[in-house]
Protein chains: 2
Amino acid sequence: MPQLGLLPGRAWAALLGQLLRPPRVVCLGAAHSHSQVAEAVLASQLKPRQEKSNFILKTPKGTRDFSPQQMVVREKILDIIVSCFKRHGAKGLDTPAFELKEMLAEKYGEDSGLIYDLKDQGGELLSLRYDLTCPFSLTYLCEVPFARYMAMNKLKKMKRYHVGKVWRRESPTIAQGRYREFCQCDFDIAGDFDPMIPDAECLKIICEILTGLQLGDFLIKVNDRRILDGMFAICGVPESKFRAICSSIDKLDKISWKDVRHEMVTEKGLAPEVADRIGDYVQCHGGLSLVEQMFQDPRLSQSKQALEGLGDLKLLFEYLTLFGIAEKICFDLSLARGLDYYTGVIYEAVLLQTPAPAEEEPLNVGSVAAGGRYDGLVGMFNPKGHKVPCVGLSIGVERIFSIVEQRMKTFGEKIRTTETQVFVATPQKNFLQERLKLIAELWDAGIKAELLYKNNPKLLTQLHYCENMGIPLVVIIGEQELKEGVIKLRSVATREEVAIKRENIVAEIQKRLFES
Amino acid sequence: MPQLGLLPGRAWAALLGQLLRPPRVVCLGAAHSHSQVAEAVLASQLKPRQEKSNFILKTPKGTRDFSPQQMVVREKILDIIVSCFKRHGAKGLDTPAFELKEMLAEKYGEDSGLIYDLKDQGGELLSLRYDLTCPFSLTYLCEVPFARYMAMNKLKKMKRYHVGKVWRRESPTIAQGRYREFCQCDFDIAGDFDPMIPDAECLKIICEILTGLQLGDFLIKVNDRRILDGMFAICGVPESKFRAICSSIDKLDKISWKDVRHEMVTEKGLAPEVADRIGDYVQCHGGLSLVEQMFQDPRLSQSKQALEGLGDLKLLFEYLTLFGIAEKICFDLSLARGLDYYTGVIYEAVLLQTPAPAEEEPLNVGSVAAGGRYDGLVGMFNPKGHKVPCVGLSIGVERIFSIVEQRMKTFGEKIRTTETQVFVATPQKNFLQERLKLIAELWDAGIKAELLYKNNPKLLTQLHYCENMGIPLVVIIGEQELKEGVIKLRSVATREEVAIKRENIVAEIQKRLFES
């Protein structure tokens, strides 16, 4: 099973098992009414020309602050993901938060209304990036920073990951639990390689990450754009209706076949018998044996396209077996990810259950990772149309954050928001100077240390602080210690104290931290 | 001396000593003319309704992509900085990339034209964050996400750091080398504490970070807003001219006193004798002895404000001496950071020289860290005006990135953009299956491994790849090895090969990696 990368397994397990009391979340995106919003007075005493003003004390609709507790969780989750990307030899890349508006080719997109444009303040017209690569979206139109980077730098191959924020003006009421600002984690392999080897690695990466995050059992659905297109053709779907029918079928994980059929026939004008033929296929799912079965299907095997897709899926299953993950993968003919630019294999990982106790509120998290092959996208940005085949994946980190936070809410411990190892305390008055000298020594030795910013704090206050913050060690200096040339070293957990020679204190602390 | 935190010292030293051949940078912000821009044809073969379109293949003005080489450098620099913040007990925090436009109180700001507004697409009016806290700017007006967070959550104290991107519509021609999108690293201590203890810690943190980054010798200038205000008052500057004169004086590190005096007298209408009185002070700089001297100054000691500032500076120097950094600090009466919200001590760190060989082009990097005390800002956002005293610092990471990149350009080695430890190779055809099985074992054991995505790559191609990418180990499997139940383990540097039993290969690799 995959290692947890940079994060020690037991630390993560401990974190996952802990309860996070979520910080009070104030004025989240759903707050429409200004009546809820406090009036804040601009009461600066700094400048004579001050005025009273009304501040709306909230974050913008659909956005939120991340508290230190949330930051700890996010950092650990991103650590596991990025470690996995690096384990597979990926390079890091970053692109600006906005791109030229022209890059978006807005005229094509149903979803272009979801793109945040910047105000025209003179100069170029800009929009916030909608996506890092493309995978996690129901649009054909996105900012495609990776494809733009590849084309702009005339690169023929690259294995890169990208973690960054993207922005979409989605309506929080439609897409419940979704935010307008969110983090995206993409991994992509660009280059002209032998079939299905990078594709299989992408699926392996999804497995390693979902296993490493200990989110419970999961399944990865796979299909192929060419099988879908072939299926549509042999079922008698007019080519002009391919995309529309695709997007109906994509709803099969949320609504029943009956409802999907109804939509296709009444709203999209598909002949009922054509819809029924499609129904025979899209309700099929299984492993390699289903791939073999479809090879023998009298209608589907008439489609050259479908046969190509099936051939690749067969090879893919062979590689997945060698990787030891074939049992996690399910060939599902209803998987029809709405992205027009996918050209080959497509996949989507779903959690089979939330691995939480019964008392937890059910949490609909949908898919937690997805991706596929898109061999045409880079070429769209290349002046000469040179293609660079690509396959990639995107981890649905926001959904994963939600699951982990919900789980922590259900359990009950505090998580540490600081990493402080040693607290510098004194039982007496007038020991600030000694505390400052001592803590500087600790910092200079790389030890994480804190003290209270008070001239004469009470010892009890100081020890309480350590217990509240989970700081494991305290060094105590007072008159007695100063006279004897020692420092008292106290374990917060056991309350044991030992006197250590002043000159040995750093070494002793380092020894204890190393052992713990 | 401070440790390098999470990054092993020798790794960083090696990186710093290495030469980065910078990737070809294409179409950076300075490119004004569209004539330079390639016409890209939208030649997707994915959809029938495709059209030809002109793409401008560039990043927006003043922004840039970060290549994998740059990402490695940035990651290591940010590691050192964040480790230091954590060593001092700071919590992480993140806020949205945009804030409500109202939050900016735009009517006050000279610089509000530098703020990126989002287009009014219905709903709230938004602007991209201009700053994380405030320190690094010449405006009184900024998005102040930290102050907004403190006020919104009614927090009375917090020690937090924040690393994130901010955006400013600065003219690249005016502010040479500056970008419109850049990374900011802030550390702040909010809360009502005994005087100068957190302030001294901020200066200690700047010292630890600049030392840890090995940027060469540096100096931190300190002053106090109250000393400045007191000085202006006793010199006879009308109160209405305080801010304007402040911003003239702030230029003293770039232009001569003569030019500053000229600006104050002719442009800002200050009486020449008042300017001369100011000149006597702002040309002074020194250590604790200068503080003592100013206490005795017959005019300055008339100002209650100035005496308060001097008293705090004296205490500050006492603490800095205990921290062992007093010799890095310089009291400089010309330091007049343009931010209206500073209320007490202010500081700015400058490099004394670029620590590079003579052949390097001179690089004007200005200050690399700055900050100060701002006791009124949080109160501005609080409905009842409750104040929360704050002191903080901002590390000029973009300038530091530039220095390190320039240095790497001067020296000459490649830096590794991946962390791959082991390459899986074969000398024979038809060994893809064995390679896939083997590499999955390595990944599952947490080993960073790669292979070529080819069915039958040549051995030489595979070994060249390892040398180019700096991968230290190769495992080789062929017919002979398969027959004998072994794997050949090769060191890329020494070219030594040993046969290891198949079942021991993971353990042997882990042992080698641990030892190296």
Side-chain angles (χ1 to χ4, degrees), chain A residues 2-3 26 38 40 42-47 56-57 59-61 63 65-66 68 71 86-87 89 91-92 94-96 98 100 102 117-119 124 126 149 152 181 193-194 197-198 319 322-324 340-341 376 380-381 383 385 417-420 433 436-437 440 444 446 448 450 453-455, chain B residues 2-3 26 38 40-47 56-57 59-61 63 65-66 68 71 86-87 89 91-92 94-96 98 100 102 117-119 124 126 149 152 181 193-194 197-198 322-324 340-341 376 380-381 383 385 417-420 433 436-437 440 444 446 448 450 453-455:
Chain A
Q3 297 287 305
V26 188
L42 174 60
S44 161
Q45 301 182 355
L46 301 174
K47 34 184 186 288
I56 296 174
L57 210 57
T59 61
K61 184 178 177 184
T63 69
D65 295 320
F66 291 106
M71 289 297 284
K86 288 183 175 176
R87 189 158 61 238
K91 302 172 180 183
D94 196 17
T95 64
F98 38 75
L100 297 182
E102 298 96 300
D117 291 329
L118 267 66
K119 189 173 160 186
E124 299 162 339
L126 306 171
Y149 180 85
M152 201 167 115
E181 172 180 76
F193 303 116
D194 282 333
I197 313 178
Y319 296 160
L322 293 164
F323 282 161
D340 219 17
Y341 61 79
M380 286 172 65
F381 288 92
T417 53
T418 61
E419 299 178 5
T420 307
Q433 294 200 337
L436 293 179
K437 261 199 297 194
D444 289 348
K448 296 167 187 161
E450 279 186 90
Y453 301 126
K454 292 280 168 194
N455 290 321
Chain B
Q3 297 288 304
V26 188
V41 179
L42 174 60
S44 160
Q45 301 182 354
L46 301 174
K47 34 184 184 291
I56 297 173
L57 211 57
T59 61
K61 184 178 176 183
T63 69
D65 295 319
F66 292 106
M71 288 298 283
K86 288 183 175 175
R87 190 159 61 239
K91 302 172 180 183
D94 196 17
T95 64
F98 38 75
L100 297 183
E102 298 96 300
D117 291 329
L118 268 66
K119 189 172 160 185
E124 299 162 340
L126 306 170
Y149 180 86
M152 202 167 115
E181 172 181 77
F193 302 115
D194 282 333
I197 312 177
L322 293 164
F323 282 161
D340 220 16
Y341 61 79
M380 286 171 65
F381 288 91
T417 52
T418 62
E419 299 177 6
T420 308
Q433 294 201 338
L436 293 179
K437 261 199 297 193
D444 290 348
K448 296 167 188 161
E450 279 186 90
Y453 302 127
K454 292 280 170 193
N455 291 321

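Basis for what follows: all heavy atoms, side chains included, without hydrogens, waters or symmetry-related copies. In what follows, chains are A, B, ... by sequence order, proteins preceding strands, each numbered from 1. Keep in mind the model is a prediction, meaning the values are calculated, not measured.
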CE on A:Met71 to NZ on B:Lys91, rounded to 0.5 Å: 13.0 Å
Which atom of A:Tyr149 lies closest to which atom of B:Pro68, heavy atoms considered: OH-CD, 3.8 Å
Separation between CG of B:Asp194 and NZ of A:Lys454, rounded to the nearest 0.5 Å: 5.0 Å
Options A:Asp94, A:Leu126, A:Thr418, A:Thr417, ranked by heavy-atom pairs under 4.5 Å with chain B, top entry: A:Asp94
Side chain to side chain, B:Thr59 and A:Met152, heavy atoms closer than 4.5 Å: yes
Derivation and outcome, side-chain contact (heavy atoms from CB on, under 4.5 Å), residues B:Thr63 and A:Thr95: CA-CA 9 Å; B:Thr63 69; A:Thr95 64; over 6 Å; no
Test ring pair (Phe, Tyr, Trp, His ring centres under 6.0 Å) applied to B:Phe193 - qualifying residues, sequence neighbours left out: A:Tyr453
Nearest-0.5 Å distance that lies between atom CD in A:Gln433 and atom CG in B:Leu322: 5.0 Å
A:Asp117 side chain vs B:Lys119 backbone, donor-acceptor pair below 3.5 Å: no
Which portion of B:Leu436 sits near chain A, non-hydrogen atoms under 4.5 angstrom: both
Gap separating the NZ atom of B:Lys61 from the CG atom of A:Leu100, nearest 0.5 angstrom: 12.5 Å
Which atom of B:Pro60 lies closest to which atom of A:Phe98, heavy atoms considered: CG-O, 3.4 Å
